[in-house]
Protein chains: 2
Amino acid sequence: MQRLVSPVKRALRLKRAVQEASLVPARLVPAAHRRFSTIPAAPLAKTGSWPKDVGILALEVYFPAQYVDQTDLEKYNQVEAGKYTVGLGQTEMGFCSVQEDINSLCLTVVQRLMERTRLPWDAVGRLEVGTETIIDKSKAVKTVLMELFQDSGNTDIEGIDTTNACYGGTASLFNAANWVESSSWDGVRATHMENAYDFYKPDSNSEYPLVDGKLSIQCYLRALDRCYTLYRQKIQSQWKEAGMDRPFTLDDLQFMIFHTPFCKMVQKSLARLLFNDFLSASREAQSSHYKGLEAFRDLKLEDSYTHRDLDKASLKASLDMFNKKTKASLYLSTHNGNTYTSSLYGCLASLLAQHSAQDLAGSRVGAFSYGSGLAASFFSFKVAQDASPGSPLETLVSSIADLPKRLASRRRVSPEEFSEIMDQREQFYHKVNFSPPGDTSSLFPGTWYLERVDELYRRTYARRAL
Amino acid sequence: MQRLVSPVKRALRLKRAVQEASLVPARLVPAAHRRFSTIPAAPLAKTGSWPKDVGILALEVYFPAQYVDQTDLEKYNQVEAGKYTVGLGQTEMGFCSVQEDINSLCLTVVQRLMERTRLPWDAVGRLEVGTETIIDKSKAVKTVLMELFQDSGNTDIEGIDTTNACYGGTASLFNAANWVESSSWDGVRATHMENAYDFYKPDSNSEYPLVDGKLSIQCYLRALDRCYTLYRQKIQSQWKEAGMDRPFTLDDLQFMIFHTPFCKMVQKSLARLLFNDFLSASREAQSSHYKGLEAFRDLKLEDSYTHRDLDKASLKASLDMFNKKTKASLYLSTHNGNTYTSSLYGCLASLLAQHSAQDLAGSRVGAFSYGSGLAASFFSFKVAQDASPGSPLETLVSSIADLPKRLASRRRVSPEEFSEIMDQREQFYHKVNFSPPGDTSSLFPGTWYLERVDELYRRTYARRAL
């Protein structure tokens, strides 16, 4: 149960990167970053390259304050002397009481590391947790660790939890090293993470989450505000270095897609971004570009999460923009519902399916990803310029063009049957030694399905013929 | 429940990288890769740099073959007309029957993507799954997907599962893009992943795993063989390009650390690597360098997982090497037991704690990481050359030097008390509305502990004063 928690190594790898950064001429943006900018290539002095010798600068080890001697345990368990001490090569064994869990262990080791190294809390850009101790199926340990960063105001810390038995530490080490070497290390994207209980899955016996609907909407909008503000700051600061001093607005994005718990939430979110633009516009621009919002000029973002008049006015002010930049991306969500982890990418697929390659070519697509608990990022995709037949863009777009046909080929079932199938899911949740009932011919051709769960929970799968 | 599974995008991002790689002069190794090589800097023609325009080349969308109409559902649920269709903006909703689960969904979408794009199965170098649907607390969905790659023989595919509610897809997208941009994209490290049920945690009501001990040891050793073979191939191929034609052996590593389920397993593993070296050595070297192993010259790796005579002979042949290169790394495992995800990094910390900075400077540390299910990697760390007072290496080593003192300050408890505390852990597992019993003064100063789990499973933590 005890852990020498490894995520801490991540934080320190960052420090290495900070030192490396000092080797790069100050304030110059590597060329590779240009693709994140919406302006034409500016005169930048350095081409992107890997930092040298990315590695571990500090390690923090934590173990619990009590142990059981293995000679004592051999006697107590009435096994032959030497079974543990010689056979396994172990003389003592640490263990945790019920006072500690995976969250507390990680809190301890991260705080100790930061205190000992005197690394400023706002210098951390990535922190990832490798663990196989799952106490919540949805909410990452990482989100709990964000509590430690609260006083510093630093919520822009990438990385979440990564899992496969004892391999999680290595996976997160590799991910962190890649991050330091990549352009993301300080490319233009904005993250906001904090510790929240808006939607989570702590009940091991249920497939369903616990949800505080009102809190979840508020968390989503707050994360959206924070990410967008930070994203704009980062881009504007790049622009300034290139000699251009103006605010970034939604006009700089040709399309805007969002994580979609339900479609109306997305329309509200686009309206919210417009309100952000409005608040930071000049008096003149506020009057000329944001019709109907003038009355809300003195409202603060944090006081306006549930403001009916503002909602109404900003939905109206953003309607044309919604129809032009976002509505097409809701195609799959409208016809298939919330797809959770893949929701944002379903929006991207919808956008591609609803536009021609020519329409999309050269455009910039803004993207907001949100996961309760919570972790959120604002970033953008740049669509390739070449839309000619056979180009990568045209190939991608045409590959996705059959979405409407495929959706139309689904079987419409009655609410009664839907309800029965949901009951069946509950009934079989975590059952063993069964083969799922039902006719596999109801699946699309080429679909894999669960064939059997044996008495030891081992799962086997088969594929319906193409 | 239904998903538009996102991991597939990862596979295709790889394809982009393959195309990018064609822009790099064939067979030339970027300079940044040199730090993974054990030879002095060779004359290499290109400095490392980020590939341009890393992005998405293909998308695969899967949705289940049945849906429920939302107007039907409004009537069935006796809610006001328009509640779902207008209020949420949703007209239809797809859903899965019990025939499908997160594994089958991912199998379907990855296979469809590979078939449609005709990407060769052995061209994939990274595949990561972003999900919040946990049906096993330890075994990653990714390991199940390895079934698809079996015929191709490609098991060297990095990336596992990554989790935080709906954010997992974005986290895996970022990780995959970073990987393509980093030197790891084809740096010298070797991974082996496959679908195995050797140790897993499918029982949601238990903190404990299901373990097939014998199978797990065999899986560990097979993964070790596979990773080491591949690692040697990769390094030798680099060497060949630099004009050096000789086998890589353990002599090229000054230290060797392993994931440590128990200490004896590690000693056996080092012996196993020596046997690997022996099998690929020349007849002459077999006789001169590997005393006592000659009799096993014609044995095949795959036929020797449980060969008592070989075990005995190779343990003997590797004893000196074990004492010199590996034993010190087992310090924490010996005194604290198996620490699972952080085990390998506990070994690294032990190694640093047991040697002086001077001893370590300039050395190369081989590392083998293993997680059941299974995912394994063989890679290495290069220790910095500068060991002078105040250098990063000296600072790191001295920061960890208090390990023995800290271990000695733990409280030794009786097996009876240990057993009671374990019972208490079972009793409180997934309980709600409680504060853990026990005196927090038994924790080390500065330790975070679980203060309370409320009736909605929300956890709060407090810290014992430093």
Side-chain angles (χ1 to χ4, degrees), chain A residues 4 6 32 48-50 61 65-66 68 76 88-89 92-94 98-99 104 107-108 132 134 137-138 140 160 162 164-171 178-179 181-182 197 202 204 262-264 335-337 339-342 345-346 349 369 371-372 375 411 415 418 428 436 444 448-449 457-458, chain B residues 4 6 32 48-50 61 65-66 68 76 88-89 92-94 98-99 104 107-108 132 134 137-138 140 160 162 164-171 178-179 181-182 197 202 204 262-264 335-337 339-342 345-346 349 369 371-372 375 411 415 418 428 436 444 448-449 457-458:
Chain A
L4 310 173
S6 56
S49 66
W50 292 315
V61 175
Q66 61 280 337
V68 58
Y76 179 78
L88 299 177
E92 296 158 356
M93 183 172 71
V98 73
Q99 291 180 320
S104 74
L107 285 164
T108 298
E132 66 180 84
I134 309 293
K137 285 176 281 186
S138 169
I160 49 169
T162 198
N164 183 75
C166 302
Y167 188 77
T170 296
N178 291 347
W179 175 80
E181 284 196 346
S182 79
Y197 282 95
S204 58
F262 53 93
C263 297
K264 278 286 170 190
H335 294 283
N336 198 40
T339 57
Y340 300 87
T341 312
S342 55
Y345 303 93
S369 177
S372 293
R411 187 169 64 96
F418 165 68
F428 282 98
F444 282 128
W448 283 86
Y449 57 91
Y457 294 87
R458 292 174 299 201
Chain B
L4 310 174
S6 55
S49 66
W50 291 314
V61 175
Q66 60 279 338
V68 58
Y76 179 78
L88 299 178
E92 296 158 357
M93 183 173 72
V98 73
Q99 292 180 318
S104 74
L107 285 165
T108 298
E132 67 180 83
I134 309 292
K137 284 176 282 185
S138 169
I160 49 170
T162 197
N164 183 76
C166 302
Y167 187 76
T170 296
N178 291 348
W179 175 79
E181 284 196 344
S182 78
Y197 281 95
S204 59
F262 53 93
C263 297
K264 277 287 171 190
H335 294 283
N336 198 40
T339 57
Y340 300 87
T341 312
S342 55
Y345 303 93
S369 178
S372 292
R411 187 170 63 97
F418 165 67
F428 281 98
F444 283 128
W448 284 87
Y449 57 90
Y457 294 88
R458 291 174 299 201

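Every chain is numbered from 1, with letters handed out A, B, ... down the list of sequences. What you are looking at is a predicted structure, and each value in this text was computed from that prediction instead of being measured.
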What residue, out of [options], has the most heavy-atom pairs lying under 4.5 Å from chain B?
| options | answer |
| --- | --- |
| A/F262, A/F428, A/Y449, A/Y197 | A/Y197 |
| A/I134, A/N164, A/T162 | A/N164 |
| A/S204, A/P436, A/C263 | A/S204 |
| A/A171, A/A349, A/A375, A/S372 | A/A375 |

Using side-chain hydrogen bond (donor to acceptor under 3.5 Å, both in side chains), reason through A/T341 and B/Y167 one step at a time and then give a plain yes or no.
CA-CA 6 Å; A/T341 312; B/Y167 187 76; over 6 Å; no
Shortest non-hydrogen separation from A/C166 to B/S369 and the atoms involved
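Taking A/C166 first and B/S369 second, the nearest heavy atoms are O-OG, 4.4 Å.
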Minimum heavy-atom separation for A/S104 and B/W448, please, with both atom names.
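Distance-wise, the nearest heavy atoms are CB-O, 3.5 Å.
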Report yes if some heavy atom in the side chain of A/F418 is under 4.5 Å from a heavy atom in the side chain of B/Q66; otherwise report no.
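In short, these two side chains do not touch, never coming nearer than 4.5 Å.
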Does any part of the side chain of B/Y345, heavy atoms only, come nearer than 4.5 Å to the side chain of A/V61, both counted from C-beta?
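Not touching, per the 4.5 Å side-chain cut-off.
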Has the side chain of A/N178 got a donor or acceptor atom that lies under 3.5 Å from a matching backbone atom of B/E181?
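No.
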To the nearest 0.5 Å, how far apart are NE2 in A/H335 and CE in B/M93?
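Result: 14.5 Å between the selected atoms.
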